[in-house]
There are 2 protein chains.
Amino acid sequence: MSKDNISRIKLLDAAFLEVYKFGYHGSATAKILKEAGVPKGSMYHHFSSKKALVLAVVKERILPKMDEFFHFERAQDETAFECIERTVRHIGINKPLVTYGCPLYRLMVEMSSLDEDFDKAVNHGYAQFIIRLRRVLDSGIDDGEFQSFDTQEFAEFIITASWGRLSLSPSLSSSTAFKKHAQFILQLLSQYKV
Amino acid sequence: MSKDNISRIKLLDAAFLEVYKFGYHGSATAKILKEAGVPKGSMYHHFSSKKALVLAVVKERILPKMDEFFHFERAQDETAFECIERTVRHIGINKPLVTYGCPLYRLMVEMSSLDEDFDKAVNHGYAQFIIRLRRVLDSGIDDGEFQSFDTQEFAEFIITASWGRLSLSPSLSSSTAFKKHAQFILQLLSQYKV
DNA sequence: CTTTAGTTAGACCAATTAGTCTAGTTTTAT
DNA sequence: ATAAAACTAGACTAATTGGTCTAACTAAAG
């Protein structure tokens, strides 16, 4: 601790952006350093390696940001369907998300086969989402809002379909296409409505 | 031409596998060379660079393979729905596809932001699939099999949802999960049936 | 003040990487 | 058989990369 930690913060911010845009191998440390305006010595004081830096980006920046973004919690006055609807619709509204795709996803695709630590860190994130999403769906069944169905399957469907859309979005998507995509998912879900 | 081209073929095969498993940056030329059992001189005789080699892999291996795999053409005795059904179901059956994800996709995620040539080559592939898929859907409408609907949107939905499933599949999927995923898509499509 | 831990600074190093070069070998055409 | 082209071979090069090292600066604590 002490002093200010401003270098550490700058490094995490710069590394996040670089890795988001160009991936792990596409982001040279020198470039991250330059963007952050921080010398090499500082970086290796705060982080033991490039890998450690990017792993810190995942844990301290990306995962929390996604947690906040996908607020898979039912608000008090909200039905389960409304909660899912809000969440799914939310995805297509986020500009950088639609433009650059999911930041975790890009890292995962590039790194999960090369490094076990990345594999773990990243898969943990997705597993969390599915669990939470499923919880909302289950609560809808408990409330008698939905008939009984395989919520695990459906949660996975929502996540994978949305991620597919997100990840292909740089080449395909307009925000209108996103709306339609969300609509398809919700249409399916509404079939389970009692 | 001349002689046999066996080195070129070996190089394409080895490069495909390496890049499929470890991505572009994860595959050192030396490793590809070793796997192929071909010396460096041969490689640089046949290909001007690593990039040219991998681009050739995309054009001569991956895209044709996908073309063949996603046979988006209606057989004579087949309804449009059956054609889509066959195609979508087909995805979850392919072992390496389910295990490693879509080979084009991985390259795209890693390289499209770094290199324009990759960007073009890869996006061309996806655009083709959507066009073909759409053609099948349109023919279904023409035949009076489906009511009229936005086939472009739906084609994109099928592609993005399937790719999302494929790409997350290394961390998520069982083949049963894949079946269910296909079922969801077909369920949606069947709503347009006349 | 002075000490000490924390942090900055960037020149330097080692390793890895893609890519070159030239000498040789094989194939094909004449 | 011989010449020309195609291809093989791998040691070597140049550049980029992540990572190290030591000197200096800064901030609080005694």
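So that the names make sense, note that chain A is the first sequence line, chain B the second, and so on, each numbered from 1. Please read all numbers here as calculations on a predicted model, not as lab measurements.
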(message) My understanding is that only residues two or more places apart in sequence, or in another chain, count here; which of them pass salt bridge (charged side-chain N to carboxylate O under 4.0 Å, His left out) with A:E116?
(response) A:K120
(request) Could you state the atom-to-atom distance from CD1 of A:I9 to P of C:dT7 in whole Å? (result) 12 Å
(request) Using atom NE2 of A:H46 as one end and atom C1' of D:dG18 as the other, report the distance to the nearest whole Å. (result) 18 Å
(message) Output the rounded distance in Å from NZ (A:K31) to C1' (D:dT17).
(response) 14 Å
(request) Mind jotting down which residue pairs meet the salt bridge (charged side-chain N to carboxylate O under 4.0 Å, His left out) criterion with at least one end in residues 28-44 of chain B? Sequence neighbours excluded, please. (result) B:E18-B:K31
(request) Round to a whole Å and report the spacing from CG of A:L33 to C1' of D:dT16. (result) 15 Å
For nucleotides 15-18 of chain C, which of its nitrogen or oxygen atoms have a protein nitrogen or oxygen under 3.5 Å away, and what is each distance?
| unit_1 | atom_1 | unit_2 | atom_2 | d |
| --- | --- | --- | --- | --- |
| C:dA18 | OP1 | B:K50 | NZ | 2.8 |
| C:dA18 | OP2 | B:T29 | N | 2.9 |
| C:dA18 | OP2 | B:T29 | OG1 | 2.7 |

(request) Could you name each residue pair satisfying ring-ring contact (aromatic ring centres under 6.0 Å, His included) that touches residues 15-36 of chain A, not counting sequence neighbours? (result) A:F16-A:Y20, A:Y20-A:Y100, A:Y24-A:F118, A:H25-B:H25
(message) Among residues at least two apart in sequence or on other chains, which ones pass salt bridge (charged side-chain N to carboxylate O under 4.0 Å, His left out) with B:R89?
(response) B:E85
(request) May I ask you to establish whether A:K180 and A:F184 are in a cation-pi arrangement, using a distance under 6.0 Å from NZ or CZ to the six-membered ring centre and at most 45° from the ring axis? (result) yes
(message) Measure CD1/B:I32 against P/C:dG19 and give the value in whole Å, please.
(response) 11 Å
(request) Starting from P on D:dC25, measure out to CD1 on A:I6 and report it in whole angstrom. (result) 21 Å
(request) Would you kindly give the CE-to-C1' distance between A:M43 and D:dT17, to the nearest whole Å? (result) 12 Å
(request) Scan for salt bridge (charged side-chain N to carboxylate O under 4.0 Å, His left out) pairs involving residues 142-153 of chain B, sequence neighbours excluded, and state none if there are none. (result) B:R74-B:D143
(message) Rounded to whole Å, please give me the gap between NE2 in B:H45 and P in C:dT26.
(response) 16 Å
